[in-house]
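Quick caveat: nothing in here was measured; it's all calculated off a predicted structure.
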Amino acid sequence: MAKENIPVYDICSISQEKGANDDLLVDRLSSYLHKYYEQLHFPHRHSFYHLVLFTKGKGTHSIDFTTFDIKPFQVYFMIPGQVHSWHFEGNMEGFIINFSENLFKVFLQHPHYLDRFPFFSGISEEGVGQLPGIYTRRWPIYLSRYWNRG
């Protein structure tokens, strides 16, 4: 697939809900996939930063044409412009955070602050991490405390 034929999505083009924020989208992965999987499982790019935490499920996630086997409690950090796609086996659970560079520029003094983090280098292998076991064992506690606040 030629690079120029790969679609680029911004946060608003993904979330077409009324009142959607141009700079931030946070959702449970299962809900996000239910709404957008048909348009997003093909190779595509984003104009924003894209974080995915898988807590349950299997499949593959390709970033810049490097394919990774998905494991529970893996986190993926992607920068704007990276090409990615995913293929899942069964139900997936986790969380997704999409944010624009503008979200941080508003309150940070250094305009290239995010460049300091190696997981935002744009190198596929550096953007994939496995959460340590202590966090995975405590996950239900964190989830019940913070996600279900109303």
Side-chain angles (χ1 to χ4, degrees), residues 1-106 114 117 119-150:
M1 178 176 278
K3 188 173 184 177
E4 56 275 358
N5 294 333
I6 297 173
V8 178
Y9 296 108
D10 61 23
I11 292 174
C12 286
S13 67
I14 289 176
S15 177
Q16 297 175 1
E17 298 172 12
K18 287 187 178 182
N21 186 321
D22 293 348
D23 294 318
L24 179 67
L25 178 108
V26 179
D27 205 348
R28 289 180 184 260
L29 183 60
S30 57
S31 173
Y32 185 83
L33 294 175
H34 177 74
K35 292 183 259 187
Y36 313 117
Y37 184 73
E38 285 306 312
Q39 73 188 63
L40 297 179
H41 75 280
F42 295 106
H44 63 279
R45 294 178 283 163
H46 300 284
S47 64
F48 50 85
Y49 290 84
H50 184 64
L51 283 70
V52 182
L53 170 65
F54 293 103
T55 58
K56 195 176 193 181
K58 294 190 315 187
T60 59
H61 188 191
S62 296
I63 304 172
D64 290 338
F65 307 101
T66 300
T67 302
F68 302 92
D69 290 326
I70 296 170
K71 298 176 184 132
F73 297 100
Q74 270 185 333
V75 62
Y76 292 80
F77 298 88
M78 288 164 277
I79 66 169
Q82 286 188 286
V83 176
H84 86 112
S85 63
W86 38 31
H87 299 280
F88 302 129
E89 300 170 18
N91 294 328
M92 301 300 292
E93 291 184 22
F95 299 91
I96 194 152
I97 301 172
N98 296 334
F99 64 91
S100 73
E101 193 170 21
N102 291 336
L103 183 69
F104 286 94
K105 282 186 175 181
V106 170
L114 294 175
F117 299 100
F119 48 81
F120 282 135
S121 69
I123 299 170
S124 302
E125 293 81 2
E126 291 181 8
V128 179
Q130 185 71 41
L131 292 181
I134 187 148
Y135 297 108
T136 63
R137 289 188 297 276
R138 293 183 179 174
W139 188 252
I141 296 167
Y142 297 136
L143 181 62
S144 66
R145 275 190 202 156
Y146 299 104
W147 190 265
N148 294 322
R149 289 184 178 177

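Taking each heavy atom of Asp23 and Ser100 in turn, the nearest pair found is OD1-OG, 2.5 Å. Between Pro72 and Gly57, the closest heavy-atom pair is CD-O, 4.1 Å. Taking both residues in full, the closest heavy atoms of Asp64 and Gly122 are given as OD2-O, 3.8 Å, listed atom of the first, atom of the second, then distance.
Distance CG/Leu24 to CZ/Phe99: 9.0 Å, rounded to 0.5 Å. Expressed to the nearest 0.5 Å, how far CG of Leu25 lies from CD1 of Ile96 amounts to 7.5 Å. Taking NE2 of His50 as the reference point, atom CD1 of Ile11 lies at 10.5 Å (rounded to 0.5 Å). A distance of 9.0 Å separates CG of Leu33 from CG of Asp27, quoted to the nearest 0.5 Å. Atom CG of residue Asn98 and atom CE of residue Met78 lie 8.5 Å apart, to the nearest 0.5 angstrom. Atom-to-atom distance recorded for Ser47:OG and Asp10:CG is 4.5 Å, nearest 0.5 angstrom.
Within the 4.5 Å cutoff, no side-chain heavy atoms of Val128 are placed close to those of His61. You'll find the side chain of Leu53 stays beyond 4.5 Å of the side chain of Leu51, heavy atoms only. Contact of the His44 side chain with the His84 side chain is registered, since non-hydrogen atoms from C-beta on lie closer than 4.5 Å. Contact annotation: the side chain of Leu29 never approaches that of Glu93 to less than 4.5 Å [non-hydrogen atoms, C-beta and beyond]. Looking at heavy atoms from C-beta onward, Tyr37 lies in side-chain contact with Phe88 at the 4.5 angstrom threshold. Residues Arg28 and Phe95 form a side-chain contact, since some pair of their non-hydrogen atoms from C-beta on lies under 4.5 Å apart.
The aromatic rings of His46 and Phe48 lie tilted to each other, with the angle between the two planes from 30° to 60°.
With sequence neighbours excluded, the residues satisfying side chain to side chain contact (heavy atoms under 4.5 Å, CB included) with Lys71 are Gln74, Gln130. Under the side chain to side chain donor-acceptor pair (under 3.5 Å) criterion, Glu126 pairs with Ser121, not counting sequence neighbours. Checked against side chain to side chain contact (heavy atoms under 4.5 Å, CB included), Ile79 has the following partners two or more places apart in sequence or in another chain: Tyr49, Gln82, Phe120.
The one candidate from Phe54, Phe68, Tyr76 that meets the side chain to side chain contact (heavy atoms under 4.5 Å, CB included) condition with Trp86 is Phe54.
Atom NE2 of His87 sits in a crowded spot, with more than 12 heavy atoms from other residues, nucleotides or ligands closer than 6.0 Å.
Side-chain atoms of Thr60 do not come within 3.5 Å of backbone N or O of Thr67 as any donor-acceptor pair. The backbone N or O of Ser85 lies less than 3.5 Å from no partner atom in the side chain of Ser62, so there is not a single donor-acceptor pair.
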